[in-house]
Amino acid sequence: MALDGARGARDEESREKKKKKKRRRKEEEEEEGEEEEEGAEAGGSPSAATMGDGDAGGRGLAGARPRGTERPSAVHGRLVLAFAVCIVALLAVTALAVLLSLRFDGCGPGAPGGAPGLPARGGNASLPGPARRDPQAGGEASTPGAPAARPPSDPEREHPWTHLRLPGHLKPLHYNLMLTAFMDNFTFSGEVNVEVACTNRTRYVVLHASRVAVDRVQLAEDRAAGAVPVAGFFLYPQTQVLVVVLNRSLDAHRNYNLKVVYSALIENELLGFFRSSYVLHGERRFLGVTQFSPTHARKAFPCFDEPIYKATFKISIKHQATYLSLSNMPVETSVFEEDGWVTDHFSQTPLMSTYYLAWAICNFTYRETTTKSGVAVRLYARPDAIRRGSGDYALHITKRLIEFYEDYFKVPYSLPKLDLLAVPKHPYAAMENWGLSIFVEQRILLDPSVSSISYLLDVTMVIVHEICHQWFGDLVTPVWWEDVWLKEGFAHYFEFVGTDYLYPGWNMEKQRFLTDVLHEVMLLDGLASSHPVSQEVLQATDIDRVFDWIAYKKGAALIRMLANFMGHSVFQRGLQDYLTIHKYGNAARNDLWNTLSEALKRNGKFVNIQEVMDQWTLQMGYPVITILGNLTAENRIVITQQHFIYDISAKTKALQLQNNSYLWQIPLTIVVGNRSHVSSEAIIWVSNKSEHHRITLDKGNWLLGNINQTGYFRVNYDLRNWRLLIDQLIRNHQVLSVSNRAGLIDDAFSLARAGYLPQHIPLEIIRYLSEEKDFLPWHAASRALYPLDKLLDRMEKYNVFNEYILKQVATTYIKLGWPKNNFNGSLVQASYQHEELRREVIMLACSFGNKHCHQQASTLISDWISSNRNRIPLNVRDIVYCTGVSLLDEDVWEFIWMKFHSTTAVSEKKILLEALTCSDDRNLLNRLLNLSLNSEVVLDQDAIDVIIHVARNPHGRDLAWKFFRDKWKILNTRYGEALFMNSKLISGVTEFLNTEGELKELKNFMKTYDGVAAASFLRAVETVEANVRWKALYQDELFQWLGKALRH
Ligand SMILES: [Zn+2]
């Protein structure tokens, strides 16, 4: 699964910031109250109306759940209402069932006085979802309304349905799933037959089910043998399970067949089996798709919804013949009926887990190709996009990538086909369903005539990621969610390896990985509120929590470190063994470590990989290595390690951090150099807090550690060494590799931010950039400057900082100039490096207020408006739009707003929307914020980006922060269950708050919503505290140095 914005979201953003005189700011503050009111009113109505509809549609059903806000059609509304009435009726029946089941619970001899999580006696029971006694069971299976049998034997008194994990008495072997989808009223009915093996005697069948209305349950021994009487069944919403109570126990080592007949809604939201829509020829068309990972298959059919329960699946979908249906496997037969319905029977899947099962019902068309090994690859999208050829790029690279992975892993792709489906609405960038991967349109459709290199790179990497999952995740699946990083870390790492295969020479794994992954995640993992990459999953909410940047990016960074110290070819052979051994099964991290250790051993090397990697995966955070050179006359250096934390005071506050002496086994690579020469690389394994090593270090020689930043740690030096390194960069930076230059920049900024280094060291380092011709160090600098800029952008002396940065950028900006022509989709290495560098420098220049840059952007926008021809070069369009909106008047905003509505190219739509957040006009920003929650205007997944981008704008930061607090209930309902979205929103809105007042507001706000998204809010508080603390300690030092530097 690729999270949205997986490749450094900050990169695409055109920084909206532009200098405003203090005076102007003051005027705005005075006007603020009034403006806000107007803004809210202007934008509020449509949004509020739609929210109202959405709510009404939902309220009758199963209660508070995230749901989208798309306005349902009137017909649909009525049908939903009818369905709701049915559900209410079901609820009534259920209540009876529950009462019976409660009595049953309570009456047993020696029944526990109140087991935890048990529906309590005496009317205190939490309301279970719809369920019934089995009306079909008759005398054989169960007697409706008859009191259930005696309570279970002792070991089962604990009520296995109250636990997070399924009890493990039963194991699914095969599912037959038959669905009928009613796209006219967005409901579906299903019948699932599960063949289960009983491993331990049990009186209960417990499997997952959520928000489905169960009509009937039957159980039979094997297929031919007689029925097992069912005493009753009920849904237990706390753990999202369906419990079938039997009149007699099932025997171990026997197989049974469980049949459940049920129905549910095709929800207007983002998870389970949900619907979405698009407009074609002025007509709204609907589609139904699924998103089951990590725990939402249970919303579509009762199942054993844990990754370890692999089974085979045979799916049949009945739908109106005007639609087509897709699933993981190809259609085996289609049976047409006279009434305009058709049933598609799909081939049986190999063994697989529920979370990457999938189906879709849509009116899409497709294009196709075939790999060398005969795998049929199709890309399905809305007909207009297919006609335009917007899916051709994705289709083409998918074919090549399957061939690449088959060769790299030496394991063939497992299924006969792979469909890629481009959908308008999806909670993530994409989901790797085996054989039917689903992508949000913005991460797969590409119109070469209007797409930038960044966009192309985004699309490419999301596809590389999902195709990798067909092996890492689908073929070999993590045992449990604590090791979700095993699949996500690999897929994220391979984004870079796979892109290098498609574009040799782009050096993604060696270079771009640093700025997009390593630097990003070290920022997050440097917080005291971080967590280990493998983390225990004890309760259901933990499952959502484990899908975060730590799992993706730190996972990838650790894998890269491992590949580097093992050697890439040994690493590759180890992965081949791992996949071959565990295919169609599950594996835990130790299985991987063992296989890799074996591969090393065969190569004559003995490293206990488990021992090394456990320290990196089970401990949170990372170390900073400090190398102190020439302390004695004997050429000895002292190397120390300590846990790197941005806010050192957080370390003293958190008991867990104080008591834990974090230590890592660190593969430290090191070189010694001088003005013209660099020694060859040595590796030192550092495992103690402090170690002495002998290194010959002549006068004037510098040391450099963590060569090419292959390790997941920071390196600090004594000030003398920093000076020598700065001197080296200024005299001849090419003595150091591109990655080392980028690494030094990021380490220096981060070390200064945390107080390990004087504030001016990083600012001195970037002085050499005027000579830098490579993209990566510029990128590293730009990314490091970005948070610093946000800390300072509302301060009185901000201009000094601004001026200093402009000075560093000016020479290169003039040298490179603006792009003249659009690249035509034929990207070669030189143009990628050159264009990305030019883009980065233009972005810095325009963001920090370079006059020429502003003029150029204004001219380009004006030309577009007056000629109605967009001649703005593709690779800088986002920068130009954003700068134009921030500099020019409301008409430009309206123009961009209009274009946002009229454009059909998804890449263009997104940057137009984001440009609107760049305005200085608080009325417009408020209007936009309010419109962002209207699903008909802004797609659900884009609304979050709008709010975050407004928060990045110094003129909008407080508006976004206020909007977020005011609308929190709506936002949390909408995104709370879509893992990651809430945490992205919370961090995006709060990460640049930096005053005592804002910190207080944040803490007060959290008190009101105690417990919701707790981990994200804790991280937010720590970040804001660190911001406040940094300002108190270092801003004067920084401004003083800048003042002096500018005078010289
Ligand atoms: Zn993934």
Side-chain angles (χ1 to χ4, degrees), residues 1-9 270-271 290-297 307 328 352-358 394 397-398 401-402 405 409 413 418 420-421 423 426-440 442-444 457-499 508 513 516-517 520-521 533-534 543-560 575 579 586-587 589 592 941 978-981 983-984:
M1 188 155 64
L3 301 181
D4 197 32
R7 197 185 62 81
L270 296 159
L271 300 166
T290 57
Q291 169 60 34
F292 290 166
S293 174
T295 55
H296 308 289
N328 305 75
M352 63 182 288
S353 312
T354 45
Y355 79 84
Y356 50 90
L357 195 77
I397 65 168
T398 299
L401 286 166
I402 292 176
Y405 286 122
F409 294 138
Y413 175 73
L418 173 60
L420 313 176
L421 186 67
V423 299
H426 199 263
Y428 311 110
M431 174 63 207
E432 70 264 21
N433 310 307
W434 214 7
L436 176 59
S437 293
I438 299 180
F439 296 72
V440 69
Q442 290 161 355
R443 302 290 169 161
I444 191 167
L457 204 50
D458 267 349
V459 166
T460 306
M461 293 177 89
V462 169
I463 296 169
V464 181
H465 180 113
E466 303 311 328
I467 308 299
C468 176
H469 273 317
Q470 307 294 311
W471 284 262
F472 269 94
D474 295 354
L475 184 61
V476 178
T477 310
V479 168
W480 180 236
W481 298 111
E482 66 180 1
D483 276 333
V484 71
W485 73 274
L486 266 187
K487 76 178 181 78
E488 294 306 343
F490 270 100
H492 201 42
Y493 175 66
F494 272 95
E495 284 177 29
F496 295 82
V497 179
T499 306
M508 298 297 291
F513 187 91
D516 287 3
V517 181
E520 285 261 325
V521 73
V533 71
S534 279
I543 296 175
D544 287 356
R545 202 156 51 82
V546 296
F547 283 87
D548 67 359
W549 283 152
I550 298 287
Y552 281 68
K553 299 204 171 202
K554 184 174 180 177
L558 295 181
I559 288 160
R560 179 169 172 266
L575 295 188
L579 289 171
N586 298 78
R589 59 179 179 274
L592 177 68
Q941 69 264 17
L979 46 107
F980 187 71
M981 282 203 155
S983 73
K984 178 180 170 186

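Here, residue 1 is the first one in the sequence, and each next residue gets the next number. This structure is a prediction, so every number in the text was calculated from the model and none was measured. All ligand and atom numbering here is 1-based and tracks the order in the structure. Note: hydrogens, waters and symmetry copies are ignored here, and every other heavy atom, side chains too, is used.
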In His465, which N, O or S atom comes closest to the Zn ion (ligand 1)?
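Nearest to the Zn ion (ligand 1) within His465's N, O and S set: NE2.
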Please give the atom name: the N, O or S atom of Glu488 nearest to the Zn ion (ligand 1).
OE1
Between CD1 on residue Ile397 and CD1 on residue Ile463, distance to nearest 0.5 Å:
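Those atoms lie 4.0 Å apart.
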Is Met1 close enough to the Zn ion (ligand 1) to have an N, O or S atom under 2.8 Å?
yes
Any N/O/S of Glu432 under 2.8 Å from the Zn ion (ligand 1)?
no
Set of side-chain hydrogen bond (donor to acceptor under 3.5 Å, both in side chains) partners for Ser534, sequence neighbours left out
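Per chain and number, Ser534 pairs via side-chain hydrogen bond (donor to acceptor under 3.5 Å, both in side chains) with Asp483, Trp485, Arg589.
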Can you sort out the partners of Glu466 under side-chain hydrogen bond (donor to acceptor under 3.5 Å, both in side chains), two or more places apart, ordered by chain and number?
none
As a test of understanding, state which of Asn433, Leu401, Leu418 forms a side chain to side chain contact (heavy atoms under 4.5 Å, CB included) with Gln470.
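The side chain to side chain contact (heavy atoms under 4.5 Å, CB included) with Gln470 is passed solely by Leu418 among Asn433, Leu401, Leu418.
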